Protein chains: 2
Amino acid sequence: MRTFVAVVETGQFQDAAADLSITQQAVSKRIAGLEKDLAVRLFTRTARGARLTIDGQAFLPHARELLRVAERAVASVLPGSRPLRVDVIASRSAASGLMRGFHRAHPEIELDVVMLFDIETAVAAIRSGAIDASFRAVAAPGRPLPEDVESVWVLDEALQLLTGPAHALAGARSVTVAQLVGHRIWMPGIVPGTEWAAYYDDLVAEFGLTIEATGPNFGSDALLDTIADTPALATFMGEQTRLVWPADHGLRRIPVTDPAPVYPHSLLWRRDNPHPGLAALRAHLAAAAAGHDAAGTWAPGWVIRS
Amino acid sequence: MRTFVAVVETGQFQDAAADLSITQQAVSKRIAGLEKDLAVRLFTRTARGARLTIDGQAFLPHARELLRVAERAVASVLPGSRPLRVDVIASRSAASGLMRGFHRAHPEIELDVVMLFDIETAVAAIRSGAIDASFRAVAAPGRPLPEDVESVWVLDEALQLLTGPAHALAGARSVTVAQLVGHRIWMPGIVPGTEWAAYYDDLVAEFGLTIEATGPNFGSDALLDTIADTPALATFMGEQTRLVWPADHGLRRIPVTDPAPVYPHSLLWRRDNPHPGLAALRAHLAAAAAGHDAAGTWAPGWVIRS
DNA sequence: AAGGCGCACAACTGTTAGTTGTGCACTAAG
DNA sequence: CTTAGTGCACAACTAACAGTTGTGCGCCTT
């Protein structure tokens with residue numbers, strides 16, 4: 001691809017060869033190989049160089065795009081000034097939405113979003129510099145943050161009840177936590193030992209809910225499928241989660257109140273991380289998060305919201 | 001890259017090897033080579049397979065994107081059902097704008113936009129099936145379209161005068177063609193023998209304008225630079241051309257009237273071309289082009305607008 | 001402690017990408 | 001029309017590399 005683009009830009013096999021520090025014959029071979037693989041002629045050879053064929057013209061922008069993507073791929077793991085790397089707790093959490101908003105506001109800042117196992121892993125990764133920031137609930141029970149890691153509360157994501165059309169609560173405009181007692185709530189894929197698990201453990205302990213947080217996670221499609229078909233099951237879902245789901249399956253989203261269980265997202269980062277994108281992210285979040293209110297909500301006692 | 005993604009998807013070197021029909025050792029070598037090139041560890045090897053490192057997680061979406069782009073690149077020249085291939089007269093012409101609009105309306109139709117030398121080349125390419133459609137002015141003087149090529153007038157693109165701030169006409173709200181007589185109009189990059197050249201030849205012959213359509217084209221940046229700095233020079237530019245140019249250079253766009261010279265774009269295609277995207281394009285243009293009016297405009301006598 | 005699973009290392013081999021040397025087609029100048 | 005020059009392709013050769021088989025080692029499971 002690089003050779004192809006080089007030939008296009010120089011207009012000659014020989015000059016392209018000089019650019020690439022190889023011989024003209026090698027360029028000839030590479031182009032011939034590419035043309036053979038594609039089963040298409042890319043250049044018309046003239047006495048004064050090489051001109052693109054129509055197929056070559058159609059191919060060119062794709063070739064350039066490929067080189068751009070390859071460059072970004074390498075940059076994504078390049079030590080030094082690599083893209084800002086942010087950990088979120090789940091791809092459908094409110095944190096992902098915040099990152100999308102940040103990307104819209106600062107498209108020039110290259111981003112990589114990853115999902116680590118739990119807050120312990122995330123903090124270790126932050127301290128080592130492997131990631132630049134993390135959206136998590138702080139602090140895990142009995143585990144205060146280390147000195148060199150700072151955090152700031154960003155937002156609360158309210159949990160909503162998701163039910164199928166035949167569920168007993170499917171018609172409710174909203175439900176209180178007390179009303180949920182006795183109903184089976186299914187949360188597959190929650191890994192024991194993570195702060196997610198701790199969150200639901202506390203929710204169960206405080207309000208006597210029935211949460212089945214075990215079992216393998218076969219993906220959200222399978223989960224939604226089951227919820228839609230099973231009248232006795234419901235699940236919790238972040239209010240900002242966008243469901244990609246045909247409307248006719250009749251899934252219902254029902255706000256929970258008295259109190260509203262919320263999952264608090266804080267941003268964590270290493271105090272001395274010099275990445276310029278990190279400062280921009282903190283500024284963006286500070287502006288976006290102004291005016292939140294914790295009244296009437298519930299979060300585990302170990303959570304710091306400040 | 002394919003190997004990397006295969007390992008991620010299977011979670012094991014061995015299964016990935018089976019998918020790729022190579023041995024486990026070859027997969028091991030490929031991954032080791034990739035990790036060496038990137039100078040980064042992508043997987044943590046465990047007794048039950050391979051898990052992504054943080055760097056690997058950051059790299060993964062880029063790798064997937066690269067494979068997608070590579071696939072599209074191959075598809076762009078694949079004989080058979082390749083993307084709809086459309087020729088436009090210039091990347092900044094109104095035809096490009098129409099194609100962008102078409103792409104917004106039908107994002108599912110893969111497009112390749114190319115620029116051929118002149119209408120002769122374009123017609124030959126249409127007849128051979130190398131391209132599916134072309135936006136051009138028809139018909140070139142004395143060269144009627146062949147039987148198997150159809151055309152339909154799509155729109156007129158009015159030419160505007162582009163001047164620097166010190167040009168004598170810079171302050172005008174609009175100018176008539178008569179007022180342009182005696183002013184030097186510079187159009188570098190117009191290749192003799194093309195229908196572009198014929199268009200300007202006719203314009204000169206009919207109104208006695210001074211158009212310097214010769215000289216090498218050093219790109220639009222150089223052109224705009226010169227226009228901005230040279231009080232004695234102006235140029236023509238399509239009304240829909242979007243200038244990417246700092247506002248403070250003081251370039252002026254001035255409509256031309258009595259009559260308004262327009263460049264007519266027709267769509268050309270081969271009558272028996274079965275590409276499904278072509279029918280969609282024609283329908284889109286028919287809907288978008290309704291209600292144009294040729295009154296008060298000028299185009300060369302050889303142009304067919306119907 | 002034993003077995004099995006999964007990846008890495010070593011040695012070998014075939015292919016391929018690169019090199020040098022040369023020829024051929026086309027252009028431009030005399 | 002001839003001749004020199006330019007630019008790409010083909011041929012022969014070499015070195016490197018990708019893939020193979022064979023094997024070993026660490027870790028998890030039982």
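It should be emphasised that the depicted structure is a prediction, and the values quoted were computed from it without experimental measurement. Excluded from the calculations below are hydrogen atoms, water molecules and symmetry mates; all remaining heavy atoms, backbone and side chain alike, are included. Each chain gets a letter, A, B and so on, in the order its sequence line appears, and its residues count up from 1.
Straight-line distance from the CD atom of A:Gln14 to the C1' atom of C:dC26: 14 Å, rounded to whole Å. The distance between atom CD of B:Gln12 and atom P of C:dA8, rounded to the nearest whole Å, is 12 Å. The nearest whole Å value for the distance from the CZ atom in A:Phe13 to the C1' atom in C:dC26 is 15 Å. Rounded to a whole Å, the CZ atom of B:Arg41 is 12 Å from the P atom of C:dC7. Rounded to an integer number of Å, the gap from B:Glu35 CD to C:dC7 C1' is 12 Å. Summarising the geometry, the separation between CD on B:Gln24 and C1' on C:dA8 is reported as 8 Å, rounded to the nearest angstrom.
In this structure, B:Phe236 and B:Tyr200 have parallel ring planes: the angle between them is below the 30° cut-off, well short of the 60° mark. Between A:Tyr263 and A:Trp196, the ring planes are parallel. Angles under 30° get that label, and only those over 60° would be called perpendicular.
Ion pairing between a basic and an acidic side chain is recognised when a charged N comes within 4.0 Å of a carboxylate O; B:Arg68 and B:Glu65 show such pairing. Using a 4.0 Å cut-off between a side-chain N of Lys or Arg and a carboxylate O of Asp or Glu, B:Arg136 and B:Asp118 do not qualify as a salt bridge.
When the nucleotides C:dA17, C:dT27, C:dG6 are ranked by their closest atom to the side chain of A:Arg48, C:dT27 comes out on top.
Taking the nucleotide of DNA chain C with the nearest heavy atom to each of B:Lys29 and B:Asp15, the more 5' of the two is matched to B:Asp15. The residue among B:Thr46 and A:Ala50 whose nearest nucleotide of DNA chain D is located toward the 5' end is A:Ala50.
Not a single side chain to side chain donor-acceptor pair (under 3.5 Å) links A:Ser76 to another residue, sequence neighbours left out. Applying the side chain to side chain donor-acceptor pair (under 3.5 Å) criterion to B:Asp112, with sequence neighbours excluded, gives A:His62. Residues forming a side chain to side chain donor-acceptor pair (under 3.5 Å) with B:His275 (at least two apart in sequence, or on another chain): none. The salt bridge (Lys or Arg N to Asp or Glu O under 4.0 Å) test applied to A:Arg72 returns no partner, not counting sequence neighbours.
First and last contacts of DNA chain D with chain A, using any nucleotide atom under 4.0 Å from a protein heavy atom and ordered 5' to 3', fall at D:dG7 to D:dC10.
Listed pair B:Arg45 / C:dA8 meets the phosphate criterion, a side-chain N or O lying under 4.0 Å from OP1 or OP2. When the side-chain nitrogen and oxygen atoms of A:Thr23 are compared with OP1 and OP2 of C:dT19, one or more of them lie within a distance under 4.0 Å.
A:Thr10 and A:Ala16 make their closest contact through OG1-N, 3.5 Å (heavy atoms, listed as atom of the first residue, atom of the second, distance).
From one end of the helix from C:dA1-D:dT30 to C:dG30-D:dC1 to the other, with five pairs defining each end axis, the axis direction shifts by 30° (rounded to 10°).
B:Gln25 comes within 4.0 angstrom of a base, heavy atoms only.
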